[in-house]
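Since the structure is predicted, the reported quantities are computational estimates derived from the model, not experimental observations. Throughout, a chain's letter reflects where its sequence line sits, starting with A, and its residues are numbered from 1.
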Amino acid sequence: MTTALMLFRRDLRLADNPALSSACASHARVLPVYIHAPDEEGESAPGAASRWWLHHSLDALAKNLRERGAGLHLAHGPTLDTLRGLISRTGAEAVYWNRQYEPASIARDTRLKAALQAQGVAVHTHNAALWSEPWTVATQQGDPYRVFTPYWRTLRAQVTAQAPLPEPAFSDWAEQVDALPLAAFDLLPSQPWDGGLAATWRPGEAGAHELLDLFADDALADYARLRDLPARHGTSRLSPHLHFGEISPVQIHYELERRNARVDARRRADLEPYLRELGWREFAHHLLFHFPHTPRQNFNPRFDDRLWEPPDEPVLERWRRGRTGIPLVDAGMRELWHTGWMHNRVRMIVASLLTKNLRQHWRRGAEWFWDTLVDADLANNTMGWQWVAGCGADAAPYFRVFNPVTQAQRFDPEGEYLARWLPELAGAPPALRHEPWKDPALLRRSGYPAPMVDLGQSRKHALDAYQRARG
DNA sequence: GCGCGTTTGTG
DNA sequence: ACAAACGCG
C-alpha cells in the first residue's frame, strides 16, 4: 500500500486535475492537503476579496471530497515543514502538485522539490492551469513573444479541443491527522463587507460549471457584440474560477466545442473571439514568466516614471470610492467594490482615467485591484495595467486616452449600467446620466459630485508630459 | 526589407 | 487624416 500527498494550491477542483489523477493512478492511498502559507507567495499573496473567495472555494472542495468519502487536510505553513510532518506520519513516498508561474511561487516550489527529493521523496508536478506553459511557446528565434498577435497565432496552431481528465476514483483515501478547521485560516473579513460578493458569486467547481453552462447557452452566440456592453452579462465571468483553478481552459474549450458540434451548422457559435480572450490570459502568464520584474517595473524600460505624479491620497481615494464625478468610472469602481469584479471594458476606462487624466502611477491602481478583485491575478493584473498605462508589452500607444463619456455613450447608450451603480443618477434621463454636470440642479439634488478633472484639459496635459518624457 | 498590428480621440 | 515605434514572420 503506497501513500502519496496531493498538495492543492490554485487548482481547487477534482475533475481535469492532472496531479490528482496521477497521484490516484499510482498510489493506493492519497491524502489531499491544502497548506495556507501566504508569506511564501510574495506579491501574489491574495488580497482581501481573493481571501474571501479562497475560503469559500476551499469549503466547496472539502465538501466535494467529503461526499466522496475523503477529506481535505488543512494546515498552516511553512509548506516544507508541514509536508515533512505529514510524510513522517503517513509514510507517504511521493508528493504531487500542479505548477504555478508567479516568481515567488516558482522559487518556493524549486526549493520544496529539491528538499523533498533530497530526503528520498518523489515529487511529481503537472500543468493544470494553462493550454501551454510559458516556456513552450517561442518565436522562430527561440525568444519569448512580446506582441500578442504573433504569440496567439503560434499558440492557436498548437491548441486543439482535448478531452479533459475525468474525476479520479476515490478509493482508500488516507486518514486525516490533526487537521485545522477552515476558520483557522482567518480568510473572511472581520467587518462584514462581503454581502455583495456572496450575492454575486458561487465559488467552487460547481459554481464554475454553472457559469460555463449559462455562458454557453446564453451569451456565447453573440459574444463578439455583447462582450463590450457592461450592462449585459455578455462575458463568461469565469475569471475568478480560472484564477483559483476551479475550472481549466481545457475543460472550457472542450465543453464549448462539444456543444457547438451538437447544434446544426447555421446556429453554431463562433468560438474564436472567446478563445482569443483565453489566449490573452495565456499571454499574460507567458510575459510574467519571462519578465518577472514587471509587477514592479515598467515592461518598456524606456518608459519614464516621471510621467506620473507622486501618490495623491485624496485623488486616489475619490477614484477608489467611485466619487470622481465621471459616471462610467464611478459606476465601475462601485461595481468593483460591491461585487469584487468589473467588466473588462470598464477596467480599461477607469485605468486610463487614473494613469492618464489623473496622472497617478499604474501601480497604485494595480494595488487597489489586487485587494478588491475576486479574480486578482498577478499575471493578468500586471499586463492589463501596463497595457493601459502605455508602458507594457504590446501596449496601447500612450496617446490613446479613453474618453469615458464617449465610451459610455457608445457601450451603455441607455445608461443602464450607470443607473444600476449610481443611484444618484438613476432617475435622470440617459443623456444626463452620461453628462450629469450639464444639469447643476441634478448634482445639487442628488449629491453626485462634479467631475474632479476636466477631461479635455487633463488629456492634453498627459500627452504633453509624454512628449517631454520622450524628448 | 516590408506589412501588419484588440480594445481611441480630436479636428 | 493623424497622433509612435517596434516586434514578428
Student: Verify the distance criterion only: is there a donor paired with an acceptor across the side chains of A/Q158 and A/S132 at less than 3.5 Å?
Tutor: yes
Student: Let's go through A/D375 and A/R347 carefully: what are the C-alpha distance in whole Å and the side-chain angles of both, what is the deciding distance for salt bridge (Lys or Arg N to Asp or Glu O under 4.0 Å) to 0.1 Å, and is it a yes or a no?
Tutor: CA-CA 13 Å; A/D375 65 20; A/R347 293 189 198 198; 2.8 Å; yes
Student: Taking the side chain as every heavy atom from C-beta outward, state whether A/R10 and A/Q100 have any pair of such atoms under 4.5 Å apart.
Tutor: yes
Student: From CG of A/D228 over to P of B/dT7, roughly how many Å is that when rounded to an integer?
Tutor: 11 Å
Student: Please list, for nucleotides 6-9 of chain C, all pairs of protein and nucleotide N/O atoms separated by less than 3.5 Å.
Tutor:
unit_1: C/dC6; atom_1: OP1; unit_2: A/R302; atom_2: NH1; d: 2.5
unit_1: C/dC6; atom_1: OP1; unit_2: A/R302; atom_2: NH2; d: 3.4
unit_1: C/dC8; atom_1: OP1; unit_2: A/R146; atom_2: N; d: 2.5
unit_1: C/dG9; atom_1: OP1; unit_2: A/Y145; atom_2: OH; d: 2.6

Student: Tell me the interatomic distance from A/E277, atom CD, to B/dT7, atom C1', rounded to whole angstroms.
Tutor: 9 Å
Student: If I take atom CZ in residue A/R400 and atom P in nucleotide B/dT10, what distance separates them, rounded to the nearest angstrom?
Tutor: 14 Å
Student: For the side chain of A/R345, starting at C-beta, report the closest nucleotide among B/dG9, C/dA4, B/dT7.
Tutor: B/dT7
Student: Return the value, rounded to whole Å, for the distance between atom CZ of A/F148 and atom P of B/dT7.
Tutor: 12 Å
Student: Looking at A/R227, does any N or O in its side chain come under 4.0 Å of the phosphate oxygens OP1/OP2 on B/dT7?
Tutor: no
Student: Does DNA chain C take part in any stems of at least 3 consecutive Watson-Crick or G-U pairs (both distances under 3.5 Å), and if so, which ones?
Tutor: B:2-5 with C:6-9, B:8-10 with C:1-3
Student: Atom NE2 of A/H343 to atom P of B/dT7: distance rounded to whole Å?
Tutor: 16 Å
Student: Between C/dA5 atom P and A/Y466 atom OH, what is the distance in whole Å?
Tutor: 7 Å
Student: Check the distance between B/dG9's C1' and A/N357's CG and give it to me in whole angstrom.
Tutor: 12 Å
Student: With A/R345 as the cation and A/F411 as the aromatic partner, state whether NZ or CZ is under 6.0 Å from the six-membered ring centre and within 45° of the axis.
Tutor: yes
Student: Tell me whether the side-chain N/O atoms of A/N403 come closer than 4.0 Å to OP1 or OP2 in B/dT10.
Tutor: yes
Student: Using atom P in both nucleotides, what's the gap between B/dG11 and C/dA4 to the nearest angstrom?
Tutor: 15 Å
Student: Side-chain donor-acceptor pair under 3.5 Å between A/N98 and A/H126, yes or no?
Tutor: no
Student: For A/E205, does its backbone N or O pair with a side-chain atom of A/R13 as donor and acceptor, under 3.5 Å?
Tutor: no
Student: Is there a donor-acceptor pair under 3.5 Å between the side chain of A/D16 and the backbone N or O of A/P166?
Tutor: no
Student: Taking the six-membered ring of A/W337, is the NZ or CZ of A/R320 close enough (under 6.0 Å from the centre) and on axis enough (within 45°)?
Tutor: no
Student: Taking NZ from A/K460 and C1' from C/dA3, how many angstroms apart are they, rounded to a whole number?
Tutor: 13 Å
Student: How long is the straight-line distance from CG of A/L238 back to OH of A/Y274, given to the nearest 0.5 Å?
Tutor: 4.5 Å
Student: Base, sugar-phosphate alone, or nothing: which one does A/F399 contact when heavy atoms must sit under 4.0 Å apart?
Tutor: base
